[in-house]
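Quick notes on the structure that follows.
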There are 2 protein chains.
Amino acid sequence: MAPSLSTNLPPEQQSASQADRFTRAREVQAVALLEDYVEMIGDLIAEHGEARVADIAERMGVAQPTATKAIARLKREGLATSRPYRGVFLTDDGAALADRVRARHRTVVALLIAVGVPETTAELDAEGIEHHVSEGTLAAFEAYLAQQNRNK
Amino acid sequence: MAPSLSTNLPPEQQSASQADRFTRAREVQAVALLEDYVEMIGDLIAEHGEARVADIAERMGVAQPTATKAIARLKREGLATSRPYRGVFLTDDGAALADRVRARHRTVVALLIAVGVPETTAELDAEGIEHHVSEGTLAAFEAYLAQQNRNK
DNA sequence: GCCGATTTATAGCCATCGCTATACTTATTG
DNA sequence: CAATAAGTATAGCGATGGCTATAAATCGGC
């Protein structure tokens with residue numbers, strides 16, 4: 001079913017809801033970066049006991065000042081703390097977000113694999129997809145995976 | 001499997017591939033907007049015989065100058081043509097891209113529904129997800145859907 | 001054919017997210 | 001306990017993608 005060619009809604013209403021979808025996708029994008037950084041900082045702390053700016057930058061594939069700027073934003077949003085020339089740490093909110101993001105990432109990868117996507121591709125695509133997976137879709141994914149586990 | 005806690009690769013290589021995933025997600029994001037505009041312009045032309053800036057802006061949920069700026073970028077990229085105060089049209093490249101994007105969108109929505117996502121949610125989430133679905137994942141989705149059709 | 005309404009373009013602003021270059025701390029080592 | 005190395009912060013730039021306000025062009029009705 002094509003998005004806007006085959007409904008019987010009045011045009012204004014069609015457009016409004018389509019615009020809403022784009023608006024939501026834009027909003028999602030704005031938090032995606034925060035989610036990625038928070039998850040990665042959580043990973044680094046779990047692995048090394050601390051998260052250094054240089055490590056964060058390397059893993060994110062950005063230059064170091066770009067990471068520094070992102071960390072400033074995390075601090076502004078109350079997700080992380082840091083003192084100059086010291087490591088970065090997560091607040092309770094940040095750690096909780098990291099956990100949610102990590103779990104969602106795993107679920108998305110598992111679902112992609114479950115429907116036949118090769119593992120490498122699944123990992124690659126999941127990085128972008130996960131941020132757009134709403135609560136409802138995530139719940140459906142989990143239900144699907146649980147069902148499939150039962151059947152095998 | 002957590003992304004960076006449970007492999008036996010040397011750390012540098014782990015980081016490199018994780019960085020690559022983020023880099024790719026960033027690149028995808030850069031073309032996502034173009035894809036959305038091109039698909040929408042295609043829809044409008046199919047419906048009304050032409051795509052007006054005002055209609056494009058309304059459907060994208062942005063102000064009219066924002067749409068004008070995006071159209072300028074489409075023209076720069078060789079995807080669309082327009083003359084001042086006239087409608088917007090797609091080049092052959094633009095039309096081909098619109099077709100691919102539309103088909104991918106349908107497939108993503110269908111797959112989400114097939115794994116149990118409610119239709120409304122599927123439409124909403126697909127708008128963001130679709131751009132991150134690679135050729136390989138798309139092929140897997142199509143195979144899965146074909147398989148499921150056979151079994152019912 | 002002109003005049004008001006509609007549509008489109010332009011100007012100029014803001015925030016975000018990249019980057020390089022450089023300054024400043026901290027750590028290390030002779 | 002310097003001097004150098006390494007790590008982090010700051011400054012400043014460019015592109016992108018939003019916005020509002022305003023100018024310019026086109027369209028419709030009289």
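Proteins come first, then strands; the chains are lettered A, B, ... in the order of their sequence lines, and each starts at number 1.
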Quiz prompt | Per B:A63 side chain, nearest of listed nucleotides D:dT20, C:dC19, D:dT8 | solution = D:dT20
Quiz item: To the nearest angstrom, how far is B:I41 atom CD1 from C:dT8 atom P?
Solution: 12 Å
Quiz item: Roughly, in whole Å, what's the span from CD in A:E58 to P in C:dG18?
Solution: 16 Å
Practice problem: To the nearest Å, give me how far apart CD1 (B:I56) and C1' (C:dA9) are. | Solution: 14 Å
Quiz item: Of the nucleotides D:dG17, D:dT20, D:dT8, which has the atom closest to the A:Y85 side chain?
Solution: D:dT8
Practice problem: Could you check which of C:dG18, C:dT10, D:dG18 has an atom nearest any side-chain atom of B:T66? | Solution: D:dG18
Practice problem: Return the nearest nucleotide to the side chain of A:K69; candidates are C:dA9, C:dA21, D:dC13. | Solution: D:dC13
Quiz item: Closer to the 5' end of DNA chain D via nearest nucleotide, is it B:R52 or B:R73?
Solution: B:R73
Quiz item: Given C:dA9, is OP1 or OP2 found less than 4.0 Å from the side-chain N or O atoms of B:T68?
Solution: yes
Self-check item: Given DNA chain C, 5'-ward residue of the pair A:R76 and A:R86, judged by closest heavy atom
Solution: A:R76
Self-check item: Comparing A:P65 and B:Q64 on DNA chain C - which has the more 5′ nearest nucleotide
Solution: B:Q64
Exercise. Specify the separation, in whole Å, of atom CG of B:D36 and atom C1' of D:dG17.
Key: 13 Å
Quiz item: So does B:N149 have more than 12 non-hydrogen atoms from other groups sitting under 6.0 Å from CG?
Solution: yes
Quiz item: How is A:A54 classified with respect to the nucleic acid when contacts are heavy atoms under 4.0 Å: base, sugar-phosphate, or nothing?
Solution: sugar-phosphate
Quiz item: Taking atom P of D:dT16 as reference, at what distance in whole Å does atom CZ of B:R26 sit?
Solution: 16 Å
Practice problem: Could you check how far CD of B:E35 sits from P of D:dG17, rounded to whole Å? | Solution: 12 Å
Practice problem: Provide, to the nearest angstrom, the distance between the CD1 atom belonging to A:I71 and the P atom belonging to C:dT16. | Solution: 16 Å
Self-check item: Value in whole Å for how far the C1' atom of D:dT8 lies from CG of A:D55
Solution: 12 Å
Quiz item: Quick one: does B:T23's side chain have a donor or acceptor within less than 3.5 Å of a partner on B:A19's backbone?
Solution: yes
Quiz prompt | Any donor-acceptor N/O pair, A:R59 side chain to B:Q18 backbone, under 3.5 Å | solution = no
Practice problem: Indicate whether the side chain of B:R150 and that of B:Q147 have a donor and an acceptor atom separated by less than 3.5 Å. | Solution: yes
Practice problem: Please check if the side chain of B:T91 supplies one atom and the backbone of B:G78 the other of a donor-acceptor pair under 3.5 Å. | Solution: yes
Practice problem: Consider the side chain of A:P84, meaning its heavy atoms from C-beta on, and name the nucleotide among D:dA9, C:dC19, C:dA9 that approaches it most closely. | Solution: D:dA9
